[in-house]
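To start, the structure under review is shown below, and the notes come after it.
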There are 2 protein chains.
Amino acid sequence: MPQLETVDKILDAAELLFAEKGFSETSLRMITSKANVNLAAVNYHFGSKNALIQAVFSRFLGPLSKIMEDTSKEHGWGKDNIPSLEDILKLYMHSLLKIPSSHENGVAVFMRLMGLAYTQSQGHLRLYLEQEYAKTFRLFLELVRLSTPELSTKERFWRTQFTLGSIAFTMSSIQPLAEILENSKDAKANPEEIVDLIVPYMLAGITAPAMDVN
Amino acid sequence: MPQLETVDKILDAAELLFAEKGFSETSLRMITSKANVNLAAVNYHFGSKNALIQAVFSRFLGPLSKIMEDTSKEHGWGKDNIPSLEDILKLYMHSLLKIPSSHENGVAVFMRLMGLAYTQSQGHLRLYLEQEYAKTFRLFLELVRLSTPELSTKERFWRTQFTLGSIAFTMSSIQPLAEILENSKDAKANPEEIVDLIVPYMLAGITAPAMDVN
DNA sequence: AACTGTTTCAAACATACGTTTGACCACGCA
DNA sequence: TGCGTGGTCAAACGTATGTTTGAAACAGTT
């Protein structure tokens with residue numbers, strides 16, 4: 001078994017603990033003891049706890065960002081080659097499954113972290129994510145816009161919100177909600193299955209007819 | 001201006017701060033100084049910080065729970081009188097708007113709190129919500145089940161998840177995402193509008209055809 | 001072997017937290 | 001007026017946190 005570097009051991013432990021407990025609820029001592037490294041190693045290698053949180057996200061988002069942009073380029077998507085909404089959702093959702101990870105459940109952990117990033121109002125994290133990954137996100141939004149010309153701006157805006165919510169929340173609360181519903185049989189699903197289940201849901205939701213006011 | 005009791009002043013301040021910052025990130029000192037009461041008042045009146053968190057939820061969920069159950073009863077909904085999914089969603093979503101609150105944006109604050117409750121893994125809170133409000137939640141799920149006989153159990157389970165996610169996440173992250181998208185014009189919407197926008201989205205999503213595997 | 005830069009380590013630091021304490025106040029009733 | 005009870009208050013308590021320190025260990029180079 002190859003000896004992991006301290007930096008990677010910290011990132012591995014931190015990523016799991018953050019996903020399980022949240023950022024504020026996870027102390028550096030929990031992380032360093034799980035990683036079997038000295039407490040001071042975090043501040044030595046990363047500088048601060050906040051910087052560690054950002055590093056955890058970078059390790060996921062760097063590759064994901066590249067995969068998503070490459071996908072768009074490969075298909076030549078753009079103003080002159082407008083993809084269907086179904087293709088966009090399928091390909092973007094499936095690129096989530098391609099994120100490399102040092103352990104199984106990497107996708108679930110990552111999605112849970114993304115959910116936490118938006119829900120817990122860690123100001124520094126939000127700022128960091130905006131600055132680093134706004135480009136990728138805007139590309140996705142632009143493709144959605146091009147592929148749904150029939151929607152009003154307001155409808156499209158909010159339906160995109162709802163869609164992001166479905167993804168972030170679902171992935172971020174798989175365990176807890178499964179407990180509530182005591183429905184373990186049906187609740188058990190791997191990321192691949194969930195992606196296949198969520199795409200038609202989102203597709204139908206975004207392209208739904210507007211409600212008759214009543 | 002009527003002098004609010006200490007208990008209510010604490011609840012008002014806590015509810016806003018929790019919604020803004022999260023539970024762990026909000027200290028009792030922030031709450032008591034915003035409420036203009038003594039620090040010890042929280043432990044005196046509520047017993048602990050965790051108990052205060054639960055009290056904040058009780059103030060919302062008590063009335064909401066009653067409204068939702070009354071609504072079902074008024075319509076005589078049940079096995080022998082199965083409502084349409086559209087009616088269920090409309091009525092349940094609109095009962096959110098009826099929650100009494102001491103300030104405007106009460107609905108948004110409440111929804112953000114609910115989102116936090118699921119995302120932040122506050123064990124005590126989850127336990128409390130399950131015990132107190134499982135009954136209301138199960139009634140909703142049962143109605144959804146009755147009104148969507150065409151869905152497989154697994155599809156229904158996950159689509160319900162996605163739907164809950166849309167609600168919780170959307171309401172809980174209105175500000176932050178609006179900033180990201182720099183789309184303030186379209187992002188501005190009051191709770192009534194959002195409810196009208198989200199019902200058709202959810203309806204279409206839940207009743208969507210299954211995806212052709214590809 | 002001696003030197004140099006990097007990494008690890010135990011210990012300490014300062015601070016913020018939730019909670020508890022005991023004195024103090026205000027008010028209603030005898 | 002005196003007394004008792006429920007509420008308020010400043011202060012302190014113990015603990016956990018993120019961070020810093022300075023010495024020790026290590027690795028590579030000359």
Side-chain angles (χ1 to χ4, degrees), chain A residues 1-58 113 116-117 120-128, chain B residues 1-58 113 116-117 120-128:
Chain A
M1 167 142 117
Q3 175 80 348
L4 279 178
E5 296 301 324
T6 302
V7 169
D8 293 307
K9 288 200 289 185
I10 292 174
L11 286 172
D12 287 346
E15 146 187 328
L16 287 174
L17 285 170
F18 286 151
E20 185 187 341
K21 300 176 169 312
F23 305 112
S24 303
E25 294 80 0
T26 302
S27 70
L28 293 186
R29 284 165 178 82
M30 294 180 200
I31 295 170
T32 52
S33 75
K34 175 166 185 147
N36 276 316
V37 301
N38 186 270
L39 167 62
V42 170
N43 285 279
Y44 177 78
H45 287 287
F46 296 93
S48 69
K49 182 181 179 180
N50 281 352
L52 169 61
I53 295 175
Q54 295 176 8
V56 166
F57 277 87
S58 286
L113 288 175
L116 286 176
Q120 307 208 193
S121 69
Q122 297 267 344
H124 70 96
L125 224 195
R126 185 128 50 213
L127 209 68
Y128 170 78
Chain B
M1 166 143 113
Q3 174 81 349
L4 280 178
E5 298 301 325
T6 302
V7 169
D8 293 308
K9 289 201 287 184
I10 292 174
L11 286 173
D12 288 345
E15 148 187 327
L16 287 175
L17 285 171
F18 285 151
E20 185 187 339
K21 299 176 170 311
F23 304 113
S24 304
E25 294 81 359
T26 302
S27 71
L28 293 186
R29 283 166 178 83
M30 294 180 199
I31 295 171
T32 52
S33 77
K34 174 166 186 146
N36 277 316
V37 302
N38 186 270
L39 168 62
V42 170
N43 285 280
Y44 177 78
H45 286 287
F46 296 92
S48 69
K49 182 181 180 181
N50 281 351
L52 169 62
I53 295 175
Q54 295 175 9
V56 167
F57 277 87
S58 287
L113 288 175
L116 286 177
Q120 307 209 193
S121 67
Q122 298 267 346
H124 71 97
L125 224 194
R126 186 128 49 213
L127 209 68
Y128 170 78

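Proteins come first, then strands; the chains are lettered A, B, ... in the order of their sequence lines, and each starts at number 1. Side chains are part of it too, since the values below use all heavy atoms of this structure and drop only hydrogens, waters and symmetry mates.
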Of all heavy-atom pairs between [X] and [Y], which one has the smallest distance, and what is that distance?
| X | Y | value |
| --- | --- | --- |
| B:Ala40 | B:Asn38 | N-OD1, 2.8 Å |
| B:Leu52 | B:Ala14 | CD2-CB, 4.0 Å |
| B:Lys49 | B:Phe23 | NZ-O, 3.1 Å |
| A:Val42 | A:Ser48 | CG1-O, 4.4 Å |

Identify, with sequence neighbours excluded, every residue that meets side chain to side chain contact (heavy atoms under 4.5 Å, CB included) alongside [X].
| X | value |
| --- | --- |
| B:Ala19 | B:Val109, B:Arg112, B:Leu113 |
| A:Ser33 | none |
| A:Leu17 | A:Glu20, A:Lys21, A:Thr26, A:Met30, A:Ile31, A:Lys34 |

Expected list for residues 34-41 of chain A near DNA chain D, using heavy atoms below 4.0 Å, is A:Leu39, A:Ala40
Applying side-chain hydrogen bond (donor to acceptor under 3.5 Å, both in side chains) to A:Ser58 and not counting sequence neighbours gives A:Tyr128
**Report entry** Any side-chain heavy-atom pair of A:Asn43 and A:Leu28 under 4.5 Å
**Finding:** yes
- Item | Close side-chain approach of A:Leu39 to A:Arg29, heavy-atom, < 4.5 Å | yes
What's B:Thr32 touching, base or sugar-phosphate or nothing? Going by heavy atoms closer than 4.0 Å. nothing
Footprint ends on DNA chain D, 5' to 3', for atoms under 4.0 angstrom from a heavy atom of chain A, come out as D:dT17 to D:dT21
Per nearest nucleotide of DNA chain C, the residue lying toward the 5' end, A:Tyr44 or A:Arg29, is A:Tyr44
Students should find that the nucleotides of DNA chain C closing off the region near chain B, any atom under 4.0 angstrom from a heavy atom, are C:dC17 to C:dT21
